[in-house]
Structure formats: structure tokens, C-alpha cells
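Working notes, beginning with the structure itself.
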Amino acid sequence: MDLKFKVLKETSYGARLGEFKTKWGTHKTPMFMPVGTQATVKTLSPEELKDAHADIILSNTYHLWLRPGEDIVDNAGGLHEFMNYKTGPILTDCGGFQVFSLAKPKDISEEGVKFKSHLDGKELLLTPEKSIEIQNKLGSDIIMSFDECPPYPVTHEYMKNSVERTLRWAKRSLDANKKRETQAQFGIVQGGEFEDLRKWSAIETSKLDFDGYSVGGVSVGEDPITKLKMIEYATAYLPKDKIRYLMGVGEPVDLIDGVIRGIDIFDCVLPTRLARHGNALTRNGRTNIRNAKFIKDLTPIEEDCDCYTCKNYTKSYIRHLIVSDESFGQRLISIHNIRFLTKLMEDIRYHIEKDDLLEFREEFVSKYNKKQ
RNA sequence: GCGAGUUUGGUGAAGUGGUUAACACGGCGGAUUGUGGUCCCGUUAUGCGUGGGUUCGAUUCCCACAUCUCGCC
């Protein structure tokens, strides 16, 4: 499916303001996608997501394959119907990241990856064809090609073999997609911290007819400078007229830095995971709501925030909920954290339009890194 | 009033005549980047009811007092 991506404005250093279309409407980039691994953005309803200005979410092939199974979702009429998310598109991840994150005894071959299910220990084989078949049944709007996300660090030789195999998997993933008319498909660039491999991966993947291109294998434990280089090495060789998606990155400053290097969309578990552990994102950095200093604090998490949480609840109350392990507290902070990131993306778009994004970055970083 | 037993941090509790008094919970702080929601890391009693005594040395042994529990009058 053609996403009709348009770059509306590009800065001299490569930050882009754009938009793309799905049957759900027109979507502005740069944008941030909250993660709903198991057909739910943890603790939140679709209405709450919409109110937090999240208009696209990510869900996960691997998890839904294991439970409840793609046929169950298909039987319900697809993921949107199954989870009652009918306000925007869904992108499904391919399962390749689990090769890295589950890090169990794994067996990667040309055919695919052998996993042991984390639910019952059963041995499973995930291949490019299987990943695409599952995503076809899930009925997401954007599907991801199957890739390998190697750990960090890894030798140049290992990475070279991995990148070449990921490219072959990308071709097989493309061939396997039976629903190209209704489901857009992205390829994934790998290559670790190696410039030659990132370049090769970006150029070769770009030759394939994808609707967008992802930069994967970032934020896997590398230092901050290496992280930025990984992105630059890839985006330098990606087509300018297609969406670029930086996978798994969600620290506020990283989002700005990604946009500056030409990234259009991001996803990350950070806002919801931090929320479940009592951490709120604010302009002045992260705030651990558990801290005793908030015990009698009757102000909202952020005074000028327009989210449901900040308009209605105090830090004193939210702290009590988190300390008492009440899920409503996790939900309230999740709402705020997602709104914080969608608002950040709105600000980023505004400053690309004004062409002062670099100045905005300096101002943002100076406040965000200053611990109150 | 008499007899027996009890007394270790915020809580539940281990423990020993000899350097820094287990462990758990709680508290305080941290961590968290394509999510195995309940996970992880650090820290938290200069003191073992009070006062004496024995001993080179006592939270550990002895005495008195206090405390709470049980039994008897």
C-alpha cells in the first residue's frame, strides 16, 4: 500500500516535516508511536491514547503469534477490531528484535531463527515467510520485514554476515507479502556501528521496493556518540522520498537528535515502562514520582501540560497510587508520558517549520539535563 | 501476691562468649530506549528491655528491676 508520503519541508541539515496517508487519515511526521506489544498499550484504552494525541501504535508479531495466535486475531476481524483500536493505524514489528532481546539459546540459520517460547519452552521457528504471514493475518497497516538485530558489540565479520542475511530475508519478506495492496511494508537497515556496513545495508535495502525504511539495531548498549553515528551512516543513503523509521528509540533528546538526522517516525516502550515504575517525563528531566519530596505536593506533574492527568491529578495523589502499587497510578503517568512525547513531536514539527530546530534542541537539552 | 516464660531495627524475625548482628517486608534512592507489566541494583539497627556483676572480652552467662503472656490464689 502506497503511503503517499510527502516531504513538506526539509532543513539544510536534513530534518524533514512530512505527512503520509492511510485509510485512517493523514498523519504528520516526525511522529512518535507508543508500543502495544500484546494488542494493548499497557494500562491504556484506545480512547486514552487518542486523547494523548497518539495516532499510530506499534504491536508485536512475536507475542501475538505465541498468544493468542494470529488465527484468533484474524477470526476477530484483524487487530483493529480485536483490540477495538479504530482511531489510527497499527504498525507491527516483525519479531526479529526478540532474537536480540530474548537472548535465549538461539539458533540463527539461513532459513530463520529457532526460539524457545518464553511461555512454555516449546521450540519454534520464525522465518521471513512466517513473520509476514502472521502480520498479514494480524491485518496491521504497516508491516516490517524480518531482520536480525545483533547484540552490541559484535565483530565486523559477524555483522557483515548478519547484514547480508538480513538483506536476503528482506527480499524473501517482500516476496511473501500477499497483501501489499492493503498493508504497507518497510525494510530494515542494520550494520551496527560499522560505517561501511550501514552504508551497504542502506543502499541495498533501498533498491528493494519498500514503502519505508527503518534504522534498526540502535540503542542496544552503545555509547551516545556511536548511537548518533549509526543513524547518520544509514540516513545518508536512504531515499529522501520515503519514510524513515528509527526503531526502539524514545529518550526525548534522542528523538530530537534523530529528527535532526532525517528520521520521520519513532517507537519506544520508554514512556509506558517508565510510567509503570513511577517515572514521569518532564521538560526538566525525568521525575521519580515515588520520591518522598512529593508526598504533600498538590501540583500536577507539569503545570502547563494539557493531558488528562495533569489537568486532574496531583503528584501527592499519584505518588500514593504508585507507592501503593495501584494500576491507576501507572495509567495516569502513562497518559502523561505519551502526551509528553506527542507534544514534543508537535514542538519539533513547529520548529522545523520555523527552521529553528537546532536552537530548540539546545534549549530543550539545557532544561532536560538540569536536575532540579 | 506466687510460679513459669517473653523482651533483638518501622514490622516479622535468625543468631553467637570474640573482627563489620542473618534473612524477609517496609522505608529511602537509582536503573529502565523495535516491553518476558509484579523485574533489577544500592542503601537502611554504632546496637540486641533497664541497671549492675562475672570475664581479657557479653546481645549471648549471673543478679535485680521493668515489660508482656500464661497458670494459681
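Across all strands, A/L91 comes closer than 4.0 Å to no nucleic acid atom at all (heavy-atom distances). Residue A/D267 is in sugar-phosphate contact alone, with no base atom involved, counting any heavy-atom pair closer than 4.0 Å across all strands shown. Among the protein residues, A/L270 comes within range of the sugar-phosphate backbone only, with heavy atoms under 4.0 Å from sugar or phosphate atoms but none that close to a base. The residue A/Q190 sits close to a base: some heavy atom pair falls under 4.0 Å. Within the 4.0 angstrom heavy-atom criterion, no nucleotide atom of any strand lies near A/G36. Among the heavy atoms of the strands, none lies under 4.0 Å from A/S214. Nucleic acid contact class of A/N279 (heavy atoms, under 4.0 Å, all strands): base. Here A/V323 lies in heavy-atom contact (under 4.0 Å) with sugar-phosphate atoms only.
Side chain to side chain, A/Q183 and A/N177 fail the donor-acceptor criterion of an N or O pair below 3.5 Å.
For A/K42 against B/U35, a side-chain-to-base donor-acceptor contact under 3.5 Å is absent. A donor N or O paired with an acceptor N or O is not found under 3.5 Å between the base of B/U38 and the side-chain atoms of A/R276. Under 3.5 Å, the side chain of A/T272 and the base of B/U35 form at least one donor-acceptor pair of N or O atoms. Side-chain N/O atoms of A/Q38 and base N/O atoms of B/G37 include no donor-acceptor pair closer than 3.5 Å.
In this pair, A/Y213 and A/F210 present their aromatic rings perpendicular. The plane angle is above 60°, beyond the 30 to 60° band.
Each of A/E326, A/E48, A/R276, A/H336 was compared with A/R331 under the side chain to side chain contact (heavy atoms under 4.5 Å, CB included) criterion, and only A/E48 meets it.
Taking the P atoms as reference points, B/C40 lies 42 Å from B/G51, given to the whole Å. Distance noted for atom P between B/C72 and B/G15: 32 Å (whole Å). Rounded to a whole angstrom, the distance from the P atom of B/A13 to that of B/C41 is 26 Å. Atom name P, nucleotides B/U7 and B/C61: the rounded distance is 11 Å, in whole Å. Rounded to a whole angstrom, the distance from the P atom of B/G49 to that of B/G10 is 13 Å. Only the P atoms considered, B/U60 is 29 Å distant from B/U43, to the nearest whole Å. For the C1' atom pair drawn from B/U67 and B/G5, the interatomic distance equals 13 Å after rounding to whole Å.
Between A/N60 and the phosphate of B/U35, there is a side-chain N or O to OP1/OP2 separation shorter than 4.0 Å. Between A/N291 and B/G29, a side-chain N or O to OP1/OP2 separation shorter than 4.0 Å is present. Of the side-chain N and O atoms in A/R319, one or more sit less than 4.0 angstrom from OP1 or OP2 of B/C28. Close to B/U33, at under 4.0 Å from its OP1 or OP2, lies no side-chain N or O of A/S219. An OP1 or OP2 oxygen of B/U38 is reached within less than 4.0 angstrom by no side-chain nitrogen or oxygen of A/Q330.
Following rounding to the nearest Å, A/R273 (CZ) and B/C40 (C1') show an atom-to-atom distance of 11 Å. For the pair A/R290 CZ and B/C28 P, the interatomic distance rounds to 8 Å; values are reported in whole Å. Following rounding to the nearest Å, A/L281 (CG) and B/A31 (P) show an atom-to-atom distance of 12 Å. Distance A/D254 CG to B/U33 P: 11 Å, rounded to the nearest Å. Distance A/H277 NE2 to B/C39 P: 8 Å, rounded to the nearest Å. Counting to the nearest Å, the P atom of B/G37 and the CD1 atom of A/I333 are 18 Å from each other. Straight-line distance from the CG atom of A/L341 to the P atom of B/U35: 16 Å, rounded to whole Å. Atom P of nucleotide B/G34 and atom CD1 of A/I243 are separated by 20 Å, given to the nearest angstrom.
Linking ILVMFWY residues whenever their side-chain heavy atoms come closer than 4.5 Å, directly or via other members, places A/I263 and A/I256 in the same cluster.
Under a 3.5 Å cut-off, the side chain of A/D267 and the backbone N or O of A/M247 do not form any donor-acceptor pair. At distances below 3.5 Å, at least one donor-acceptor pair connects side-chain atoms of A/T166 with backbone N or O atoms of A/E148. Side-chain atoms of A/S162 never come within 3.5 Å of backbone atoms of A/Y158 as a donor-acceptor pair (strictly under, hydrogens ignored).
The side chain of A/H63 lies closest to B/U35, out of B/G37, B/U35, B/U33. Of the candidate nucleotides B/U33, B/G37, B/G34, B/G34 has the atom nearest to the side chain of A/V269. Taking only side-chain atoms of A/A292, from C-beta outward, the nucleotide of B/C28, B/G34, B/U35 with the closest atom is B/C28.
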(request) Apply the test ring pair (Phe, Tyr, Trp, His ring centres under 6.0 Å) to residues A/F115 and A/Y62: give CA-CA distance (whole Å), side-chain angles for both, the deciding distance (0.1 Å), then the verdict. (result) CA-CA 10 Å; A/F115 287 96; A/Y62 173 76; 5.2 Å; yes
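Nucleotides of RNA chain B nearest to A/T43 and A/E251 differ in position, and the one nearer the 5' end is that of A/E251.
Using the Watson-Crick or G-U wobble rule with both distances under 3.5 Å, B/C68 pairs with B/G5.
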